[in-house]
**Student:** 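Right, I'll just put the structure down here and ask away after.
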Protein chains: 2
Amino acid sequence: MSSIKSQHLVEVLRKEGLRYTSQRQAVWDEIKKSEEHRDAEDIYLQLKSNNHNVSRATVYRTIDVLVKNHMVRKMDLGDGRNLFEPRIDDEHHDHMICLDTGKIIEFFDEELEDLQDKIAEKHGYKVVRHVHQLFVKPIK
Amino acid sequence: MSSIKSQHLVEVLRKEGLRYTSQRQAVWDEIKKSEEHRDAEDIYLQLKSNNHNVSRATVYRTIDVLVKNHMVRKMDLGDGRNLFEPRIDDEHHDHMICLDTGKIIEFFDEELEDLQDKIAEKHGYKVVRHVHQLFVKPIK
DNA sequence: GTTGTTGCAAATACTTTGCAACTAT
DNA sequence: ATAGTTGCAAAGTATTTGCAACAAC
């Protein structure tokens with residue numbers, strides 16, 4: 001399978017002192033085209049069925065680099081599962097997970113972000129990253 | 001090792017249709033006396049060194065019951081580790097984790113709680129539980 | 001006595017790692 | 001040429017499970 005060299009990926013790899021490889025491109029391509037939050041195994045299997053020869057190990061290794069460089073967001077479901085999503089627009093958001101349907105709703109609230117910063121500051125810290133998930137049920 | 005029958009534990013177990021056993025009491029006692037957030041293995045080892053014969057399996061099985069019944073709070077560190085703390089006073093709080101020192105600071109902010117509820121409501125949901133962790137660094 | 005509970009070891013789920021073969025530079 | 005990268009399978013980590021012996025009721 002062919003793929004177009006992503007300039008952003010090239011830059012990130014260079015910055016990290018890593019080489020550009022077809023496998024790393026393939027993993028990024030696969031995540032980039034995700035419409036939903038997906039787990040590592042799913043990404044691996046999809047690559048496999050598209051005749052990309054990328055091992056599970058490489059999928060995990062590449063995801064680490066992408067997460068570290070803000071190209072992918074890691075979402076911890078809190079039950080041992082991790083889902084990933086591309087950060088194309090680099091727009092931050094948190095998640096609301098419906099306990100009845102499993103539906104994941106993304107949300108962003110400026111006031112909430114500010115409040116977090118304020119709380120950390122009050123303790124002498126600044127927020128580097130945060131995890132914020134609301135486990136919800138439909139009203140009525 | 002001896003232990004005093006905890007009435008609250010007895011009630012919770014009855015409500016769940018479970019029997020009162022010395023092992024369940026021992027696990028709860030061990031967690032209850034925690035000054036810090038601890039993991040399951042730590043709780044298991046501590047029990048062992050105190051001559052309580054409780055298996056790892058029972059530690060995990062009991063923690064599940066305690067968490068479900070709000071006697072213990074589970075704290076997901078987001079890297080596969082889970083820490084537990086007793087909920088004696090049943091006072092809700094979230095966590096701030098210092099990335100430099102590993103120090104865990106507990107915080108509670110009414111405004112933040114309200115804001116969460118409001119956000120969920122706007123989407124037609126009510127918050128059942130939430131995970132909110134700030135990974136921070138000291139200012140300067 | 002009956003049914004739930006326990007301990008054990010094996011199984012599971014997810015992720016990481018050692019290493020020899022391979023590939024980008 | 002050489003140093004980083006890959007795939008594989010094995011190891012690791014945290015937790016769960018099947019089952020026979022056992023304990024609570």
Side-chain angles (χ1 to χ4, degrees), chain A residues 1 3 5-6 9-31 37-48 50-68 72 74-84, chain B residues 1 3 5-6 9-31 37-48 50-68 72 74-84:
Chain A
M1 295 287 110
S3 41
K5 202 162 177 173
S6 150
L9 178 60
V10 172
E11 281 160 23
V12 160
L13 291 174
R14 179 158 43 225
K15 181 167 68 72
E16 289 280 329
L18 301 170
R19 291 180 181 169
Y20 175 85
T21 66
S22 64
Q23 290 92 333
R24 284 173 175 154
Q25 181 68 59
V27 171
W28 172 231
D29 284 348
E30 186 56 42
I31 295 176
H37 303 75
R38 304 162 70 197
D39 64 19
E41 184 68 11
D42 183 49
I43 291 159
Y44 165 72
L45 290 174
Q46 199 56 48
L47 283 166
K48 192 158 217 181
N50 283 74
N51 296 315
H52 278 291
N53 257 30
V54 181
S55 68
R56 241 179 287 257
T58 295
V59 169
Y60 280 106
R61 287 190 276 232
T62 303
I63 287 176
D64 282 348
V65 177
L66 298 177
V67 169
K68 187 178 306 173
V72 168
K74 180 176 179 171
M75 178 186 170
D76 189 315
L77 284 183
D79 60 358
R81 286 179 297 159
N82 289 308
L83 301 183
F84 303 95
Chain B
M1 296 285 111
S3 40
K5 203 162 177 173
S6 149
L9 178 60
V10 173
E11 281 162 22
V12 160
L13 291 175
R14 178 158 42 225
K15 181 167 69 71
E16 287 281 328
L18 300 171
R19 290 179 182 171
Y20 176 85
T21 65
S22 65
Q23 290 92 333
R24 284 173 175 154
Q25 181 68 58
V27 171
W28 170 230
D29 283 347
E30 186 55 43
I31 296 176
H37 303 75
R38 305 160 72 197
D39 64 19
E41 185 67 12
D42 183 50
I43 292 159
Y44 165 71
L45 291 174
Q46 200 56 47
L47 283 166
K48 191 157 217 181
N50 282 71
N51 296 317
H52 277 291
N53 257 29
V54 180
S55 68
R56 240 179 288 258
T58 295
V59 170
Y60 279 106
R61 287 189 276 231
T62 302
I63 287 176
D64 283 348
V65 177
L66 298 178
V67 169
K68 186 178 307 174
V72 168
K74 180 176 180 172
M75 178 185 171
D76 189 316
L77 283 184
D79 60 358
R81 285 179 298 155
N82 288 308
L83 301 182
F84 303 94

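Naming: A, B, ... by sequence-line order, numbering from 1 per chain.
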**Student:** I need the full list of salt bridge (charged side-chain N to carboxylate O under 4.0 Å, His left out) pairs touching residues 57-68 of chain B, with sequence neighbours left out, sorted by first then second residue.
**Tutor:**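 The answer is none; no pair qualifies.
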
**Student:** Any donor and acceptor pair, going by atom type alone, linking the side chain of A/Arg38 with main-chain N or O of A/Glu30 inside 3.5 Å?
**Tutor:**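 Looks like yes, one N/O pair under 3.5 Å.
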
**Student:** Between D/dA3 atom C1' and A/Arg14 atom CZ, what is the distance in whole Å?
**Tutor:**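 About 18 Å, once rounded to whole Å.
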
**Student:** Starting at CD1 of B/Ile63 and ending at P of D/dA14, how long is that distance when rounded to a whole Å?
**Tutor:**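 To the nearest whole Å, that distance equals 13 Å.
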
**Student:** From D/dT6, C/dT5, D/dA14, pick the nucleotide closest to the side chain of B/Asn82?
**Tutor:**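 So the nucleotide nearest the side chain must be D/dA14.
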
**Student:** Does any donor-acceptor pair link the side chain of B/Arg24 with the base of C/dT5 at a separation under 3.5 Å?
**Tutor:**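 By the distance-only test, no, there is no pair.
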
**Student:** If you assign each of B/Ser22 and B/Asp64 to its closest nucleotide in DNA chain D, which residue comes earlier from the 5' end?
**Tutor:**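 That would be B/Asp64.
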
**Student:** Between CG of A/Asp76 and CG of B/Asp76, what distance do you get to the nearest 0.5 Å?
**Tutor:**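 CG of B/Asp76 is found 4.5 Å from CG of A/Asp76.
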
**Student:** With the side chain of A/Ala57 defined as its heavy atoms from C-beta on, choose the nearest nucleotide among D/dC8, C/dC8, D/dT15.
**Tutor:**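 The answer is D/dC8.
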
**Student:** Separation of A/Gln25 atom CD from C/dA24 atom P, in whole Å?
**Tutor:**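 For the pair A/Gln25 CD and C/dA24 P, the rounded distance is 13 Å.
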
**Student:** Consider the side chain of B/Thr58, meaning its heavy atoms from C-beta on, and name the nucleotide among D/dC25, D/dT17, C/dT6 that approaches it most closely.
**Tutor:**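 When the side chain of B/Thr58 is considered, C/dT6 is the closest of D/dC25, D/dT17, C/dT6.
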
**Student:** How far does CG of B/Leu13 sit from CZ of B/Arg24, to the nearest 0.5 angstrom?
**Tutor:**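 So the CG of B/Leu13 and the CZ of B/Arg24 are separated by 6.0 Å.
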
**Student:** Take atom CG of A/Asp76 and atom C1' of C/dC14, then tell me their distance rounded to the nearest Å.
**Tutor:**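 So the two atoms are 12 Å apart, to the nearest Å.
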
**Student:** As a test of reading the structure: which of C/dT17, C/dC8, D/dT5 is closest to the side chain of B/Arg61, going by heavy atoms?
**Tutor:**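 So the side chain of B/Arg61 is nearest to C/dC8.
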
**Student:** Write down the distance between OH (B/Tyr60) and P (C/dT12), rounded to a whole number of angstrom.
**Tutor:**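 Checked: the OH to P distance equals 18 Å.
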
**Student:** Kindly compute the distance separating NE2 (B/His52) from CG (B/Asp29), expressed to the nearest 0.5 Å.
**Tutor:**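 Between B/His52 NE2 and B/Asp29 CG, I get 7.0 Å after rounding to 0.5 Å.
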
**Student:** Can you measure A/Asn53 atom CG to C/dC22 atom P for me and round it to whole angstrom units?
**Tutor:**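 Answer to the nearest Å: 14 Å.
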
**Student:** Could you give the CD-to-P distance, from B/Glu41 to D/dG12, as a whole number of Å?
**Tutor:**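 Atom CD in B/Glu41 sits about 15 Å away from atom P in D/dG12.
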
**Student:** Base, sugar-phosphate alone, or nothing: which one does B/Asp39 contact when heavy atoms must sit under 4.0 Å apart?
**Tutor:**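 Counting heavy atoms under 4.0 Å across all strands, no contact is made by B/Asp39.
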
**Student:** A/Thr21 or B/Thr21: which one's nearest nucleotide on DNA chain C is closer to the 5' end?
**Tutor:**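 Final value for this comparison: B/Thr21.
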
**Student:** Identify which nucleotide among D/dA14, C/dT5, D/dT5 has an atom closest to any side-chain atom of B/Leu18, counting heavy atoms from C-beta outward.
**Tutor:**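 Closest nucleotide among those given: C/dT5.
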
**Student:** Among C/dC8, C/dT25, C/dG4, which nucleotide sits nearest the side chain of A/Arg19?
**Tutor:**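 From the listed options, C/dT25 comes nearest.
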
**Student:** Let me know the distance between OH of A/Tyr44 and C1' of C/dA13, rounded to the nearest Å.
**Tutor:**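 For the pair A/Tyr44 OH and C/dA13 C1', the rounded distance is 16 Å.
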
**Student:** With nearest nucleotides of DNA chain D determined for B/Tyr20 and B/Arg56 from heavy-atom distances, which residue corresponds to the more 5′ nucleotide?
**Tutor:**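 Result: B/Arg56.
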
